[in-house]
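Below: the structure, in structure tokens.
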Amino acid sequence: MISIENLVKDYGETRALNSISIKIPRGQVIGLLGPNGAGKSTTLRILTGYIKPTSGQIKVKGLDVTEHSTEVKKMIGYLPESAPLYTEMLVWDYLNYIADLRGIKKPYKTERIKELAGLCGISEVMHRPVRSLSKGYKQRVGLAQALMDDPEILVLDEPTSGLDPNQIAEIRSIIREIGKEKTVIFSTHILSEAEAVCSRVVIINKGSIAADGSTEMLRTGGKTEQRIQLLLKGGSEDKIRKLFRAAEGLEILELADNKDGLLVIIGSENDKREDIYRMIKQTDLIMLEMNLQRQTLENIFRELTREAV
Amino acid sequence: MRLQSVNTVFKRELKAFLVSPSAYIVITIYLALTGWFFFSTFFLAGRADMRSFFNLMPLLFSFTIPAVTMRLFSEEYSTGSFEMLKTQPLTSADIVGGKFLSALAFIALMLVPTLAYALSISFIGELDWGPVIGGYIGALLMAGAYCAIGILASSATRNQIVAFILSAAVCVVLSLIDQLIWVLPSGLAGVLSRIGTAYHFTNVSKGIIDSRDLVYFVSVIFMALYGSWLLNQEKE
């Protein structure tokens, strides 16, 4: 559906994008993740035809976005960062204007605008000027605008930034709803969001792709090492060290005093919880807690993006 | 360039003019100034014509039109709404064309009340309508040229004040250049006075519509709009 090939973008001396390639099949919900200034917005702006790449290309359904920009723009609904709308217009007038630009004809127009108002939850602000809307409402008007002519591809640049938790949840549920039928590409620097909404995450850092895969794959990606956290009572540090040294494939990563006992973090090749349980059972140690530490996207993100700093 | 897209942009921009208070301030100032300058000499001269009204026009337009056009692109750049506009299925030509026509339409609306001068003069004296009609045609052509220059300046900067100053400066020079030629060598004088708008405007406002004057105005409009189109292509 969309193929991004060796995309490079220079702003004067600085290279904002350094050879990015992503292929996005139809119907995927994909999150572009990265710290601020990583090149997410630049990628989306090239995709939507707002700026031109220095080299490389983006093809949507085989059409180059710079050569066939009008055709491609027709297929894409785009919500730029922080939804820059015309502030003096009424919401209704604004959506009406977008409908005209998108070539929606009279008999369907009113119906479509009403439908979108319902979907995006803006029915009650339709007759207010955009200027007077809160950030959350502006974002929703922007979303309604992007959905106007039911485009095949929806591109959202930081759709939830600056919103309160309730608004974030609402926007996410709208995205998830839309994502059932459409290709959705959105950028965010909030990881939990990517996890909650997308099936695939591309992490961009310093203009290059740092990781690309499903959220599940990224979590286990590359590393099979598991960390198991134990809270043990009734033993000394030495005793515990000795116990685990004897066991095969288990390594103590951390050992610390805790108010209830000793906190031990064990590293192993794969999930060895059963073995550990049996081992502890044979001693007189009391196990208060045992859990498998999941590698969170947060950790992966931090690891991937810190290296480059 | 699609007519429907141009029309959509045109309608939105004209509406934006008509709901903004600054537009009415510009109209008021324009009408007050023309009224005052015109009628303060009208009864002294005692001639039933509108020549002094049209003589003022190049200079007055040099300030009122940039004030109208300055926001057209600069405001969109600074609020970011340009990104919204540019990612809609439109070409840059649609955008430039729609905005140009809206500014010109607004200036035409601004001129409508001045028809009252012509009507009231025709009641009290024998008004020769030829130069009046020619004057209005010339005014629209000149307004077109200044609107296009204003749009070019507005597409060059995100700062409306800068856009205003740039376009007002260019328009003032074009309006006054034929009055400055006495400081220039006589060889250049003829050429330079023809670069100015006043020379061509005076021709048209005499009621003689010559193709040379038409070509002049149309080419200024075209060049400035083309420049704006190029800047829009380059805009990042």
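Note that these values count all heavy atoms, side chains included, but never hydrogens, waters or copies made by symmetry. In what follows, chains carry the letters A, B, and so on, assigned in the order in which the sequence lines appear, proteins first and then strands, with residues in each chain numbered from 1.
Ranked by heavy-atom pairs shorter than 4.5 Å toward chain B, the options A:Leu101, A:Asp93, A:Ile76 are led by A:Leu101. Taking A:Pro80, A:Ser69, A:Gly49, A:Gly142 one by one and counting their heavy-atom pairs under 4.5 Å with chain B, the maximum is reached by A:Pro80. Taking B:Glu76, B:Lys11, B:Arg2, B:Lys15 one by one and counting their heavy-atom pairs under 4.5 Å with chain A, the maximum is reached by B:Glu76. Between chain B and the options A:Gly103, A:Pro84, A:Ala146, heavy-atom pairs under 4.5 Å are most frequent for A:Pro84.
The local environment of CG in B:Leu3 is sparse, with at most 12 non-hydrogen atoms from other residues, nucleotides or ligands closer than 6.0 Å. More than 12 non-hydrogen atoms from other residues, nucleotides or ligands lie less than 6.0 angstrom from CZ of A:Arg172. The environment of CZ in A:Arg26 is sparse: at most 12 heavy-atom neighbours from other residues, nucleotides or ligands sit within 6.0 Å. Within a 6.0 Å radius of CZ in B:Phe39, other residues, nucleotides and ligands contribute more than 12 heavy atoms. Heavy-atom neighbours of A:Lys114 NZ from other residues, nucleotides or ligands within 6.0 Å: at or below the threshold of 12.
With rounding to the nearest 0.5 Å, the separation of OG in A:Ser82 from CD in B:Glu83 is 8.5 Å.
Taking both residues in full, the closest heavy atoms of A:Asp100 and B:Gln4 are given as O-NE2, 3.8 Å, listed atom of the first, atom of the second, then distance. Nearest heavy atom pair, residue A:Thr70 against residue B:Leu90, reads CG2-N, 4.2 Å.
With a 4.5 Å cut-off on non-hydrogen atoms, B:Thr87 touches chain A through its backbone and its side chain both. For A:Gln145, the part lying under 4.5 angstrom from a heavy atom of chain B is the side chain only. Contacts between B:Glu75 and chain A at a heavy-atom distance below 4.5 Å are absent for every atom of the residue.
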Working for side-chain contact (heavy atoms from CB on, under 4.5 Å), residues A:Tyr86 and B:Met84: CA-CA 9 Å; A:Tyr86 290 119; B:Met84 268 318 200; over 6 Å; no
Stepwise salt bridge (charged side-chain N to carboxylate O under 4.0 Å, His left out) test for A:Glu88 and B:Arg71: CA-CA 13 Å; A:Glu88 83 282 358; B:Arg71 52 159 280 277; 5.2 Å; no
Test log, rule side-chain contact (heavy atoms from CB on, under 4.5 Å), inputs A:Lys74 and B:Gln88: CA-CA 7 Å; A:Lys74 260 200 107 46; B:Gln88 298 296 339; over 6 Å; no
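At least one donor-acceptor pair under 3.5 Å links the side chain of A:Lys73 to the backbone N or O of B:Lys86.
With a 4.5 Å cut-off on side-chain heavy atoms, B:Arg12 and A:Met89 count as touching. A:Tyr50 is not listed as a side-chain neighbour of B:Leu85, based on a closest heavy-atom distance of 4.5 Å or more.
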